[in-house]
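A note on names: the letters A, B, ... follow the listed sequences, proteins ahead of strands, and every chain is numbered from 1.
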Amino acid sequence: MPILSVQQLSKRYGPIQALDGVSFEVPKGTVFGILGPNGSGKTTTLGIVMDVLKATSGTYTFFDQAPSAESRQRIGTLLETPNFYHYLSASKNLKISAGIKGKGENEIDSVLDRVGLLQRKDSAFSTFSLGMKQRLAIAASLLGSPEVLVLDEPTNGLDPVGISEIRELIKSLSGEGKTIIMASHLLDEVEKVCTHMVLLKKGKMIATGKVSEILTTGDVVEIGAAGSGDLAGVIGAFPGISKIEAQDGRLNLIFDSTDISLGKINEYCFSKGITLDHLSMKRKNLETRFLELTQEAPTAKPGKKKPN
Amino acid sequence: MQKILAVEWLKIRFYKAFWILLGLFVVSIVGLNYLVDSFIVKAKAQTGKANGDAILGHPFNYPDVWHTVSFWSGFLLFLPGLIIITLMTNEFTYRTHRQNIIDGWTRLQFIAIKLVWVFILALISTIVVFATAILFGALGDSPFSFLKLEYVGYFFIEALSYIAVALLFGIVLKRAGLAIGLFFLYILIIKNTISGLLNYFTPVKIGHYLPLSINDALIPFPFIKDMVKAMTQQPPNVSILLGGSVVYICLYSWIMIRTFQKADL
């Protein structure tokens, strides 16, 4: 059973198509990243599934059911910015959240402790720094120990220590069996934290599936051999190479898979009478991959999806 | 419903502006009626008691006091209007209207509880008016009477209407300054100007039937009644005004619910 299933979701703001036929499924127990540059439709998607925005077309289900207020009560959500009553203290704000959810009122101190705000529980929200507001919003989403967490840019406004704390928190929550849906524009964050993802660009879905399948491409091997004119021609016959790029007098061999043995390449070249003076494995830079993914023709690649 | 009310109570209990405005409203009602009362006493002292009584009557004695206090207090309904606009636009400013939905209220629940606040504020206003009328009546020299108590009931309808319109401005305009500005502009200038013009130019006085004018018409000017009656045509009969008021209140509520249900929050 997917926790969240989104089908052909579209949203139009006047002339702007913010979301264009996006479909994906969030499997139970995953840390699901919604990745995309600014303005790609991440928050719009989350806003629609939390019923604060109305979709132009398309449908979604939570827990295999039609969306309802009851299903939202089972989800802890931090959407875009921390939204609290400025004149109320941290604990009173959480009391309101717990009151609406109908659960978690006895957990207020413990969730505040979990995000490191316990000693500030009686301070007014208006006195909080940006990072503290963000922590309070995360605390609110933890109330009632929801089985699903929706976190929109959860590390926004946090310092490096805070960022790593929150990432650890997400991992530990995931370890407790919770499903986490997280929007981020940071590739690095999605790669570090998420197991599954959807990649959005300008409201269109570029890819969805396991992070390992989308972000990791085949190996890149750099080779060089001084004075051998037809290195490219010779190595071109080696199995598994999808592309060869010349760079600074050396060659970048781009493979389809990630189980390439450098020894075999060396052996192969040697058998063809070429002595390599350079042979090294280069992992493709993630940022390069991100740019590559988001810059290619924006057509969905549902083939990347695999059942669990 | 009880749970939702408990959450709303939490929002308001510690909101100082709410209590200050509410206190100001109570003081203003007593104060305004006191001012009018002392003005009448002064006027009567100048004209002589016999003449004064003949012209002005005894507006702060039973049973006229119900009418008088209801009429003057109606001018202060902008204050509970201000309160409800503040409560509503706060939610927009803090974006807590989104958070409340995200946390698990339905949109209908969110807007319905604000409509309950309209009712509660109208009820509080009416209780204050009732108590003020009893106070001034007790200080007068006529025996207690519930005659003309219906004016307090009309005041309740008037209060409901004003506060509902204020909430409507808040929901549609979303910004406190804009909503308060336009609400005041409407109740102080636009409403009176258009009503006056329409009443002047149309034989059936349709100016009385405009939103909120219809509620003002329920409680006519309480002094020198005979002179007023002679000068102006009688306002339409009370049951039409009451029916029209209820229709308007339903219409305001419908617009508010629909707006909030359909909008991107």
Side-chain angles (χ1 to χ4, degrees), chain A residues 11-14 18 43-44 46-56 67-89 91-105 122 124-126 133 136-137 140-141 143-144 146 150 152, chain B residues 1-22 83-114 116-117 170-171 174-176 257-265:
Chain A
K11 173 71 184 172
R12 183 173 267 285
Y13 294 106
T43 301
T44 305
L46 293 179
I48 290 171
V49 301
M50 297 317 291
D51 193 34
V52 294
L53 299 175
K54 294 289 186 189
T56 311
S68 68
E70 288 73 36
S71 65
R72 289 200 297 281
Q73 289 172 357
R74 293 166 64 187
I75 302 164
T77 305
L78 156 62
L79 195 60
E80 211 169 13
T81 48
N83 304 325
F84 291 103
Y85 297 91
H86 290 201
Y87 53 90
L88 290 181
S89 68
S91 65
K92 291 206 176 80
N93 267 304
L94 292 191
K95 220 170 161 187
I96 288 180
S97 307
I100 294 174
K101 283 173 193 284
K103 55 185 176 187
E105 198 160 338
D122 294 320
F125 179 73
S126 54
K133 289 176 178 173
L136 184 62
S141 70
L143 280 174
V150 172
D152 187 6
Chain B
M1 195 43 140
Q2 220 176 337
K3 271 187 190 168
I4 298 176
L5 265 177
V7 170
E8 284 289 311
W9 176 235
L10 253 176
K11 292 183 192 171
I12 282 158
R13 216 173 114 200
F14 301 97
Y15 186 50
K16 281 194 199 103
F18 172 79
W19 297 108
I20 292 170
L21 284 172
L22 196 64
I83 292 176
I84 197 90
I85 290 178
T86 313
L87 293 182
M88 188 65 221
T89 51
N90 265 352
E91 305 268 10
F92 290 129
T93 309
Y94 303 148
R95 295 168 76 82
T96 38
H97 65 304
R98 283 164 69 106
Q99 196 62 42
N100 287 176
I101 307 295
I102 287 169
D103 284 341
W105 273 354
T106 62
R107 288 172 178 233
L108 185 62
Q109 282 172 326
F110 183 91
I111 194 70
I113 198 71
K114 295 295 181 227
V116 169
W117 270 111
I171 285 178
K174 291 193 169 71
R175 284 160 207 225
I257 291 172
R258 202 181 143 78
T259 305
F260 199 77
Q261 293 262 40
K262 297 250 162 186
D264 283 337
L265 302 178

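- Open room surrounds CZ on B:R258; 12 or fewer heavy atoms of other groups in view lie less than 6.0 Å from it.
- Taking CD from A:Q73 and CH2 from B:W105, the interatomic distance works out to 11.0 Å, rounded to the nearest 0.5 Å.
- Between chain B and the options A:D51, A:T81, A:N83, heavy-atom pairs under 4.5 Å are most frequent for A:N83.
- Side chains of B:K11 and A:Y85: a donor on one and an acceptor on the other come within 3.5 Å.
- Of the two parts of A:Y13, only the side chain, counted from C-beta on, holds a non-hydrogen atom closer than 4.5 Å to a non-hydrogen atom of chain B.
- Checking each of A:L143, A:I100, A:I75 against B:D103 for a side chain to side chain contact (heavy atoms under 4.5 Å, CB included) leaves exactly one that passes, namely A:I100.
- Most heavy-atom pairs under 4.5 Å with chain A, from the set B:Q109, B:E91, B:K16: that is B:E91.
- Two residues are said to be in side-chain contact when any heavy atoms from C-beta on lie closer than 4.5 Å; B:R13 and A:K92 fail this criterion.
- Proximity to chain B is absent for every atom of A:E70, based on heavy atoms less than 4.5 angstrom apart.
- Of all heavy-atom pairs spanning A:R72 and B:I101, the tightest one is NE-O, 2.7 Å.
- Shortest non-hydrogen contact noted between B:F14 and A:L88 is CB-CD2, 3.6 Å.
- A:A69 and B:T106 make their closest contact through CB-CG2, 3.4 Å (heavy atoms, listed as atom of the first residue, atom of the second, distance).
- When each of B:N90, B:T93, B:N100 is checked for heavy-atom pairs under 4.5 Å with chain A, B:N100 comes out on top.
- When all heavy atoms are compared, the tightest approach of A:T77 to B:I102 is CB-CG2, 3.2 Å.
- For B:E8, no part lies near chain A; criterion is any non-hydrogen pair under 4.5 Å.
- Heavy atoms from other residues, nucleotides or ligands lying under 6.0 Å from NZ of B:K3 number 12 at most.
- Only the backbone of B:A263 comes within contact range of chain A, with heavy atoms under 4.5 Å apart.
- Contact check for A:I96 versus B:Q99: no side-chain heavy atoms found under the 4.5 Å cut-off.
- Contact record, B:R107 with A:L53: NH2-N, 3.9 Å, taken as the closest heavy-atom pair.
- Here the CG atom belonging to A:N93 is positioned 9.5 Å from the CG atom belonging to B:L10, to the nearest 0.5 angstrom.
- The shortest non-hydrogen separation linking A:V52 to B:R98 is CG1-O, 3.6 Å.
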